[in-house]
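Since the structure comes first, as C-alpha cells, the remarks are kept for the end.
The structure displayed is predicted, hence computed values, not measured ones.
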Amino acid sequence: MNVLTEVQQDRLKAAIQDGLPLTATPYRTLSLQLDLPEPLVMEQIEHWLREGYIKRMGLVVRHHAVGYRSNAMVVWNVADDKVDQVGELLRQADCVTLCYKRRRQLPDWPYNLYCMIHGKSRESVLTQLELLTRQYELQHIPRSILFSNQQFKQTGGHYARRAS
C-alpha cells in the first residue's frame, strides 16, 4: 500500500533516483526537501523495496573518481551445466564487483559469463584475476580480458521523470 499520493510519490522517486542525499540523516533531508513527514518517506521507500520497485539500496562507487582506472570485463566460456556454479564462485570473490550470465552469440561470441574487476593498474587487475582463477581452479575455462579504454558514462537506474 502506497502511503503517499501519486504526486508525492513522483517527487520522491525523482529525488532519490540519483541517490540518497549524502547527509547523516538522508531520509530527514529528503523529508525537508519534499516537505513530507520523515516516517512517510521511509515507509514509502520500504514499500517500494518490499514490492520490488526498488531492487536494492546500496553504494555506487565511482571507481574512476577514486583512482581505479584499470577496469576489466572478464568474459568466460563456461560449459552450460557449470555456468551457475562458476557464477556463484565469482560472486564470492572480493575483487569481482559485477557478475552475470548472458546467452552466447554464436558463432562469433562464445562467452556466457561476465565479471568485472577494477584496479589501479592493469598489473593489479591481472594479478587479482590470476589469484581468483587459481583459488577457484578456473584455469581450464577459456576466457578473454577486455580492459576499458575510456569511460563515457556511469549512472544508476532512473525511474522517474526529471523535473523541468
Side-chain angles (χ1 to χ4, degrees), residues 12-30 41-160 162:
L12 181 56
K13 286 177 194 170
I16 66 172
Q17 70 181 350
D18 286 326
L20 295 177
L22 295 176
T23 66
T25 55
Y27 299 111
R28 179 159 182 72
T29 302
L30 283 170
V41 167
M42 295 173 70
E43 192 173 335
Q44 184 65 58
I45 291 172
E46 287 172 4
H47 169 74
W48 287 334
L49 282 164
R50 277 191 312 273
E51 294 299 315
Y53 302 125
I54 296 174
K55 300 294 182 206
R56 65 184 173 99
M57 306 255 314
L59 179 68
V60 175
V61 176
R62 303 208 184 283
H63 50 274
H64 268 247
V66 293
Y68 287 82
R69 298 187 178 275
S70 291
N71 309 298
M73 176 65 72
V74 183
V75 293
W76 306 79
N77 180 2
V78 184
D80 290 336
D81 64 333
K82 301 286 186 201
V83 69
D84 290 339
Q85 177 186 356
V86 175
E88 283 297 318
L89 292 174
L90 294 176
R91 185 177 75 93
Q92 296 171 33
D94 289 339
C95 66
V96 172
T97 58
L98 178 68
C99 182
Y100 54 92
K101 177 172 62 174
R102 284 190 174 177
R103 277 185 270 164
R104 303 171 197 279
Q105 299 297 315
L106 297 174
D108 300 320
W109 191 255
Y111 306 105
N112 59 346
L113 187 64
Y114 299 69
C115 72
M116 194 79 191
I117 300 174
H118 301 282
K120 291 187 175 181
S121 68
R122 279 182 178 248
E123 294 74 28
S124 70
V125 170
L126 293 171
T127 298
Q128 290 179 84
L129 177 59
E130 181 60 31
L131 292 172
L132 170 76
T133 302
R134 271 195 264 141
Q135 179 181 358
Y136 295 120
E137 299 178 358
L138 305 175
Q139 300 92 331
H140 65 286
I141 300 174
R143 67 175 188 255
S144 288
I145 306 163
L146 310 169
F147 277 97
S148 57
N149 293 322
Q150 182 177 356
Q151 178 179 315
F152 292 102
K153 183 177 181 181
Q154 180 184 11
T155 67
H158 290 98
Y159 308 102
R162 299 207 181 269

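Listed by chain and number, the residues in a side chain to side chain contact (heavy atoms under 4.5 Å, CB included) with Thr133 are Trp76, Leu129, Leu138, Gln139, Arg143 (sequence neighbours excluded).
Inter-residue side-chain proximity for Val74 and Val96 is flagged as unmet; no heavy-atom pair is nearer than 4.5 Å. Using a 4.5 Å cut-off on side-chain heavy atoms (C-beta onward), Leu89 and Gln135 make no contact. Within the 4.5 Å cutoff, the side chain of Ile45 has heavy atoms near those of the Met57 side chain. Two residues are said to be in side-chain contact when any heavy atoms from C-beta on lie closer than 4.5 Å; Gln92 and Tyr136 meet this criterion.
One finds the CZ atom of Arg69 at 10.5 Å from the OG atom of Ser148 (value rounded to the nearest 0.5 Å). Note: Cys115 SG to Leu132 CG = 6.5 Å, rounded to the nearest 0.5 Å. Asp84 contributes atom CG, which lies 9.0 Å from atom CG of Leu113 (distance to the nearest 0.5 angstrom). His47 NE2 to Glu51 CD: the interatomic distance, rounded to the nearest 0.5 Å, is 4.5 Å. Between the CD atom in Gln44 and the CD1 atom in Ile54 there is a gap of 8.5 Å [rounded to 0.5 Å]. Taken from CD1 in Ile117 to OG in Ser70, the straight-line distance is 12.0 Å, to the nearest 0.5 Å.
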Please step through side-chain contact (heavy atoms from CB on, under 4.5 Å) for the pair Lys13 and Tyr53, ending with a clear verdict.
-> CA-CA 11 Å; Lys13 286 177 194 170; Tyr53 302 125; over 6 Å; no
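Within 6.0 Å of the CG atom in Asp81, the count of heavy atoms belonging to other residues, nucleotides or ligands exceeds 12.
Nearest heavy atoms, Tyr111 versus Pro142: CE2-O, 4.4 Å. The two residues Gly119 and Val125 have their closest heavy-atom pair at N-CG2, 3.5 Å. Here the closest non-hydrogen pair linking Pro26 and Pro21 is CB-O, 3.4 Å.
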Taking distance alone, no hydrogens or angles, what donor-acceptor pairs closer than 3.5 Å link side-chain atoms of residues 102-110 to residues at least two apart or in another chain?
residue : atom : partner : partner atom : Å
Arg104  : NE   : Asp80   : OD1          : 3.4
Arg104  : NH1  : Asn77   : OD1          : 2.4
Arg104  : NH1  : Pro110  : O            : 2.5
Arg104  : NH2  : Val78   : O            : 2.6
Arg104  : NH2  : Asp80   : OD1          : 2.7
Trp109  : NE1  : Tyr114  : OH           : 2.7

